[in-house]
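Since we're looking at a predicted model, the values are computed, not measured. So that the names make sense, note that chain A is the first sequence line, chain B the second, and so on, each numbered from 1.
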Amino acid sequence: MSSKNTSVAWPELAAFVLSKELNDGEIGSPGGARSEIPLAAARLAQLTHAPNLMIITSAAGFVTNNVGRPPAPLFHSTTDYRNIYAGAESVLHFMSIFRTPRDWFFAGGMQVDSYGNLNMTAIGDVKAPKLKGPGGAGLSYAGSVARRYFIYMQQHSRRSFVNKLDYVTAMGYGSGPGEREALGLVGGGPALVFSPLAVMDFCDATKRLRLRSVHPGHTVEEVLDNTGAEMIVPENVPTTALPDNDVLEILRTQVDPSGVLQNLKGSRND
Amino acid sequence: MSSKNTSVAWPELAAFVLSKELNDGEIGSPGGARSEIPLAAARLAQLTHAPNLMIITSAAGFVTNNVGRPPAPLFHSTTDYRNIYAGAESVLHFMSIFRTPRDWFFAGGMQVDSYGNLNMTAIGDVKAPKLKGPGGAGLSYAGSVARRYFIYMQQHSRRSFVNKLDYVTAMGYGSGPGEREALGLVGGGPALVFSPLAVMDFCDATKRLRLRSVHPGHTVEEVLDNTGAEMIVPENVPTTALPDNDVLEILRTQVDPSGVLQNLKGSRND
Amino acid sequence: METRSVKLSSVDVALEGLEDGQTLIIGGSLFHNKPMHLVREIARRQVKDLTVVSVPQASLDVDLLISAGCVAEVRVPYMGFEYLGLAPGFRKAASEGTIRVWECDETHLLAALEATSRKLPSGVAKAGVGTDLHKLNPDLKLVKDHITGEPIMAVGALKPDLAIIHAAAGDKYGNLRYAGYSFGDLIIAEATRQGGGKIIATVDEVMPNVSFTSDPFRTDISCILVDHVIEAPYGAYPCSSHGNYQFDEAAILEYVNAAKSEQSMRDYIENHIMSVPDHEAYLEKHVKLMSVVAARAKIYV
Amino acid sequence: METRSVKLSSVDVALEGLEDGQTLIIGGSLFHNKPMHLVREIARRQVKDLTVVSVPQASLDVDLLISAGCVAEVRVPYMGFEYLGLAPGFRKAASEGTIRVWECDETHLLAALEATSRKLPSGVAKAGVGTDLHKLNPDLKLVKDHITGEPIMAVGALKPDLAIIHAAAGDKYGNLRYAGYSFGDLIIAEATRQGGGKIIATVDEVMPNVSFTSDPFRTDISCILVDHVIEAPYGAYPCSSHGNYQFDEAAILEYVNAAKSEQSMRDYIENHIMSVPDHEAYLEKHVKLMSVVAARAKIYV
């Protein structure tokens with residue numbers, strides 16, 4: 001298929017943006033409730049600039065590399081058995097999942113604050129919460145060991161980007177520079193936040209959330225209106241770059257031939 | 001072959017005596033430097049009174065049961081790959097070897113004292129020992145978790161049975177009753193000591209080494225002359241019972257068809 | 001020479017000793033290898049006040065037990081339906097305060113299970129340091145590392161009374177082989193055995209023992225870790241038997257939709273659990289041949 | 001699309017960075033899966049003051065390094081030749097005080113490796129409580145359990161600089177498959193990787209990558225845990241490649257006998273190590289075709 005004149009759905013944009021964050025030779029795990037996105041990002045990286053990238057589908061222990069292999073379908077879950085067809089070369093024992101390196105992890109969250117701390121526990125009083133979250137999963141673990149990790153939020157609102165979390169389920173930069181080191185957390189902390197509206201990273205000096213780019217069709221004002229967390233806004237905020245046709249072609253023909261990302265619920269904002 | 005009129009070598013007697021200590025349904029591991037003996041004991045138990053006994057060849061993780069299968073040769077080492085032919089049904093991951101139950105273990109030692117404490121570290125000053133032992137191996141671990149364990153000594157002398165160990169590598173009953181419990185050691189401690197001269201156990205009340213039986217051709221006096229450790233000697237000490245012909249037949253045709261035990265170095269004392 | 005005894009059991013025999021208030025640990029993860037047949041049997045027996053543990057992820061299995069009123073406490077690192085949404089029964093019960101939730105990271109639960117499996121009093125994890133988890137969970141203790149003194153999270157050994165797991169195949173002695181991934185089932189079985197509990201496995205099929213002796217390296221869980229084997233074809237349905245058949249998304253969504261009202265959930269439980277006397281009846285009533293044919297075919301994409 | 005790089009290496013490239021005083025960990029156990037080719041290469045380079053670690057058991061591998069004068073400290077739970085007797089080089093060096101011995105139980109070393117593999121500062125074991133081990137080894141610390149307060153032995157994380165292991169087969173990317181048991185090689189590779197060290201694997205043969213993708217559950221060690229793969233047929237000889245070929249007892253006894261005098265050991269080392277430039281030359285000089293044919297045939301009893 002030709003990808004020309006086909007608008008890019010935000011999950012596709014997410015996969016593209018995140019894929020560029022992954023370097024050749026790294027080892028990492030896609031995760032979170034919408035793991036199609038990081039899984040696609042990692043496979044896209046393998047098939048473009050990072051042929052030695054190894055993916056561990058954490059919860060199922062498959063270690064995969066799809067370089068030079070026939071396209072494999074993208075599935076909704078990293079725990080799906082059929083991920084074995086995407087170049088699985090080994091399967092880690094369950095306990096070995098926690099004994100192997102991660103250059104990166106992906107994490108979702110119900111709430112994120114301006115230091116990249118995450119809440120997956122509850123909104124409101126945990127004794128009788130307005131919204132009970134799914135729980136800590138492996139977020140705190142991943143955040144403590146991974147060289148860095150990427151946060152992707154399915155909504156960008158004042159309820160999801162807040163200054164004070166109802167509960168800290170996983171620590172990002174805590175309350176600022178030096179706190180991770182003081183606690184002996186060996187991982188580097190969150191590197192980037194992706195939302196349906198924008199890409200954000202963290203200021204090296206202050207560890208504060210910082211607006212990096214705004215997706216096409218959206219504005220800085222719109223982002224700020226929907227952000228309850230303090231955020232550094234540089235003078236010039238570029239528009240999030242779209243994948244060129246070659247990369248989009250690889251994404252749509254080799255990484256996600258069945259169009260799972262294009263058809264994700266709420267994937268369209270055009 | 002008929003086993004009649006064939007004298008029983010002490011390693012065969014050891015295998016027979018020890019096999020009677022193993023109960024149906026138990027799980028255990030043969031070990032020690034002469035592991036042919038406990039391995040033969042466990043297989044003999046499987047083929048006589050304990051068909052549900054499961055053997056874990058600890059260092060190699062094979063879980064075996066040879067009931068109803070063709071006879072398998074006996075090998076010198078429990079780590080020998082060929083033990084897989086003795087009814088291996090599963091192979092434990094290495095770390096799972098330390099996460100599975102043991103109703104019994106077998107242990108050797110350079111020195112044993114009257115509370116069943118063992119020295120595998122060194123004879124003489126460890127900085128420049130007269131004899132450097134092979135080290136702790138898994139003796140202390142086994143002694144700490146196994147429901148009980150059996151000690152077999154290759155020599156019975158005043159140098160191997162002593163009142164004070166040069167070093168305590170693995171704790172038996174320490175310095176007496178209650179000490180294991182006080183330290184939170186969940187295993188039950190040593191149950192029996194087998195030597196080329198005699199069978200010894202431990203008095204329930206005092207946890208002291210106690211003479212249980214003397215092998216045919218040997219005397220209580222001979223045992224005492226060669227024992228440097230304090231030992232309880234009951235008024236009547238029976239002779240160690242020999243296997244009957246049926247059991248000896250099973251031992252020599254199904255457990256050890258190639259006569260490994262009969263031909264062990266120093267296996268003859270007749 | 002005597003012969004070995006077999007561990008093939010009926011559900012009734014296997015579940016003897018199941019009591020209110022016990023700690024139940026469930027194998028598999030998310031929609032995979034969930035022993036759904038046993039989950040339904042436990043729910044049908046209307047056991048109360050269970051502490052239900054599952055690691056790393058639970059979905060329909062634990063949520064159904066909550067909806068059926070069997071659960072007092074949930075110890076699950078991730079409790080949800082992943083791309084199909086949040087766990088409705090869990091969410092409702094937590095909001096209404098009718099269940100306790102043991103807030104944790106998966107490495108806390110694993111440390112507690114590993115400690116038991118090694119007969120150690122406790123385990124540690126770095127996860128949780130810098131979070132609120134230990135403020136919400138009294139079993140998590142922020143301590144100083146024995147050697148470096150740095151902050152670390154300690155948790156006591158966890159000893160389940162009963163473990164239920166599902167494998168693609170097993171033999172009559174209790175050896176198990178999975179078609180796909182076995183997730184946390186091994187450490188679950190090890191911890192349950194070492195803690196003095198009971199392990200029940202359902203299997204899609206019983207294979208001859210020679211299938212295991214011919215390739216013992218392929219045995220995922222040894223018979224020394226299994227007390228009862230129950231032959232239950234499609235025993236994980238509507239979840240997957242990982243690598244053997246896929247999960248039935250429509251059947252899982254049927255539960256999610258039933259959770260929209262108390263009446264519809266009562267109807268669902270009556271229809272899927274209370275009114276079906278056994279596994280055969282369940283398959284007769286709720287599983288079409290073509291749907292399992294499709295679930296199998298999907299394995300190959 | 002770019003292509004993947006391969007990890008097939010020469011010994012010289014793989015051993016770059018090997019230095020006096022490093023911590024070397026050796027895989028396999030007793031007479032099995034010992035990477036003897038690499039052991040000889042390391043000995044031939046006359047590296048000094050190594051801390052040599054092996055778990056659970058070492059024999060010819062570590063003893064040869066001691067006899068060749070490469071070792072300052074030994075960290076091996078069981079150091080001996082099992083039914084073939086005590087380890088002569090180890091025994092001599094320990095008696096003369098020319099090496100340090102890290103007295104331990106195997107669970108102490110495993111706790112130290114597991115801690116590193118999980119990026120934890122330390123690990124614990126119950127073993128050692130009630131013994132003299134911690135009085136002989138300052139790295140073992142008798143402490144109170146974080147939760148129960150009972151006595152327990154703590155040990156700091158151990159981070160090897162270099163791990164050498166031997167597998168029956170591997171692919172060009174570093175995936176490894178063993179024919180028999182892999183002993184402690186996995187936790188050794190995990191701890192070395194997580195501690196920042198390097199992992200070198202010798203393999204009896206290099207198999208195509210498709211042999212691994214066709215059955216990934218059969219892969220014993222993933223390529224993410226291997227830095228260099230060296231094709232070395234009979235690379236474990238005279239030890240076994242477990243399940244691939246048996247060890248050569250006569251060849252091992254040749255070493256044991258050589259240890260009876262310093263001169264005969266010097267001759268042995270000259271003959272087996274210093275005078276052979278590479279693996280091919282070693283096989284030419286010391287391994288008869290019929291002895292490996294026999295070693296293979298013995299696998300089947």
Side-chain angles (χ1 to χ4, degrees), chain B residues 24-29 43-57 60-72 81 83-93 95-103 141-142 144-147 184-187 246-247 249-250 254, chain C residues 1-7 110-111 113-123 157 159 167 169-178 182 184-197 199 207-227:
Chain B
D24 194 22
E26 292 184 333
I27 300 162
S29 287
R43 290 192 189 155
L44 182 60
Q46 285 178 332
L47 298 179
T48 53
H49 62 281
N52 298 293
L53 184 87
M54 298 303 294
I55 300 169
I56 303 176
T57 59
F62 296 168
V63 183
T64 69
N65 182 304
N66 213 30
V67 171
R69 311 192 201 276
Y81 173 78
N83 290 307
I84 204 166
Y85 304 121
E89 296 178 343
S90 60
V91 180
L92 302 180
H93 298 164
M95 297 305 277
S96 287
I97 288 172
F98 304 91
R99 297 192 187 125
T100 39
R102 297 294 190 283
D103 293 299
Y141 163 71
S144 71
V145 297
R147 239 181 68 227
L185 297 172
V186 295
D246 296 353
V247 170
E249 190 79 8
I250 293 172
Q254 295 181 61
Chain C
M1 186 175 71
E2 301 173 44
T3 56
R4 286 171 75 179
S5 35
V6 304
K7 293 176 179 175
L110 289 172
L113 292 172
E114 201 195 15
T116 307
S117 72
R118 290 168 62 188
K119 291 194 176 285
L120 296 173
S122 69
K159 300 180 178 179
D171 72 7
K172 63 184 176 183
Y173 300 128
N175 295 297
L176 304 179
R177 183 183 298 176
Y178 290 69
S182 56
D185 288 14
L186 179 58
I187 188 70
I188 285 169
E190 288 168 339
T192 304
R193 167 64 79 240
Q194 292 282 70
I199 301 103
M207 295 196 313
N209 173 255
V210 68
S211 303
F212 289 86
T213 51
S214 61
D215 191 359
F217 290 94
R218 259 290 189 232
T219 305
D220 293 292
I221 294 185
S222 168
C223 65
I224 63 174
L225 295 173
V226 176
D227 296 298

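Interface residue N209(C): only side-chain heavy atoms are found under 4.5 Å from chain B. With a 4.5 Å cut-off on non-hydrogen atoms, I221(C) does not touch chain B at all. With a threshold of 4.5 angstrom between heavy atoms, I224(C) approaches chain B through its backbone and through its side chain. Contact of L53(B) with chain C is not made at all, since no heavy-atom distance falls under 4.5 Å. Contact of R4(C) with chain B is made through backbone and side chain together, with heavy-atom distances under 4.5 Å. For Y141(B), no part lies near chain C; criterion is any non-hydrogen pair under 4.5 Å. Only the side chain of I187(C) comes within less than 4.5 Å of a heavy atom of chain B; its backbone N, CA, C and O stay farther away.
Of the listed residues (V186(B), V145(B), T100(B)), the greatest number of heavy-atom pairs within a distance under 4.5 Å of chain C belongs to T100(B). Counting heavy-atom pairs closer than 4.5 Å to chain B, the top-ranked of the candidates D171(C), N175(C), L225(C), T116(C) is N175(C). Most heavy-atom pairs under 4.5 Å with chain C: of the set I84(B), L92(B), I56(B), this distinction falls to I84(B). With chain C as partner, the option from I250(B), I27(B), N65(B), T64(B) having the largest number of non-hydrogen pairs under 4.5 angstrom is N65(B).
Taking the six-membered ring for Trp and thresholds of 30 and 60 degrees, F217(C) and Y81(B) have nearly parallel ring planes, at less than 30 degrees apart.
Scanning all heavy atoms of the two residues, the minimum distance from F98(B) to R118(C) falls at O-CG, 3.7 Å. When all heavy atoms are compared, the tightest approach of C223(C) to M54(B) is SG-CE, 3.7 Å.
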Which is it for R193(C) and R99(B) under the side-chain contact (heavy atoms from CB on, under 4.5 Å) test, yes or no, and what are the steps along the way?
CA-CA 9 Å; R193(C) 167 64 79 240; R99(B) 297 192 187 125; over 6 Å; no

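Between the side chain of S90(B) and the main chain of T219(C), no donor-acceptor pair closer than 3.5 Å is present.
For the atom pair E89(B) CD and S211(C) OG, the distance stands at 11.5 Å (nearest 0.5 Å).
Side-chain contact, S96(B) with E190(C): a donor N or O sits under 3.5 Å from an acceptor N or O.
Annotation: side chain of V91(B) is in contact with side chain of P216(C) (closest heavy-atom distance under 4.5 Å).
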